[in-house]
Amino acid sequence: MYAASAYEESPMELLATRETPSGVVITAYINRYPDDIYSFGGPPGWAPAGWCFPRGDMRISIVAPTSVNLSYAAWYGELQDGLAVTTFASG
């Protein structure tokens, strides 16, 4: 439920939910962008690597016994060199 003055998000797809042995629940939702969101120049048939531009965004909630946290991260179609890292504060 949103307050009348709050920004309402578009519906997001549930990506995963995990619960740790200590009772922390992590839930990730994804909002995938349309395939034609970016228009690129270049030779016919050329497209940038999947790690160059986000293909969507994620909302990640962390519910712990003493805190509730909400964070956002970009979603890419491919990893660059097999790695993707983002940070956020929780507490």
Side-chain angles (χ1 to χ4, degrees):
M1 180 194 295
Y2 294 92
S5 62
Y7 171 76
E8 187 171 351
E9 296 177 327
S10 59
M12 299 179 92
E13 170 191 345
L14 176 63
L15 194 59
T17 298
R18 300 288 183 267
E19 184 171 353
T20 69
S22 62
V24 176
V25 178
I26 303 167
T27 306
Y29 292 90
I30 186 169
N31 175 33
R32 299 177 197 273
Y33 300 157
D35 288 338
D36 63 351
I37 191 168
Y38 302 109
S39 56
F40 299 99
W46 178 86
W51 47 263
C52 283
F53 297 96
R55 304 305 301 159
D57 54 81
M58 295 186 303
R59 181 181 69 214
I60 301 168
S61 69
I62 302 172
V63 178
T66 58
S67 66
V68 174
N69 303 277
L70 190 62
S71 185
Y72 290 83
W75 176 268
Y76 292 84
E78 298 174 16
L79 301 176
Q80 182 180 17
D81 301 324
L83 182 65
V85 177
T86 189
T87 62
F88 58 91
S90 174

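Just so you know, residue 1 is the first one in the sequence shown, and it goes up from there. Side chains included, hydrogens not; waters and symmetry mates left out as well; all remaining heavy atoms used.
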Once salt bridge (Lys or Arg N to Asp or Glu O under 4.0 Å) is applied, what residue pairs with a partner in residues 23-34 remain, sequence neighbours excluded? E13-R32
Just wondering, do L15 and W75 contact through their side chains at under 4.5 Å, heavy atoms? yes
Any side-chain heavy atom of P54 within less than 4.5 Å of one from Y76? yes
Tell me, which pairs form a side chain to side chain donor-acceptor pair (under 3.5 Å) where one or both residues lie in residues 18-28, sequence neighbours left out? T20-S22
Point-to-point distance, once rounded to the nearest 0.5 Å, from OH of Y72 to CZ of R59: 5.5 Å
Rounded distance [0.5 Å steps], SG in C52 versus CD in E78: 9.0 Å
Of all heavy-atom pairs between L70 and S61, which one has the smallest distance, and what is that distance? CD1-CB, 4.0 Å
Among all residues two or more places apart in sequence or in another chain, which pass the side chain to side chain contact (heavy atoms under 4.5 Å, CB included) test with I26? V24, I60, I62
Once side chain to side chain contact (heavy atoms under 4.5 Å, CB included) is applied, do any residues pair with D57, and if so which ones, sequence neighbours excluded? M12, N31, Y33
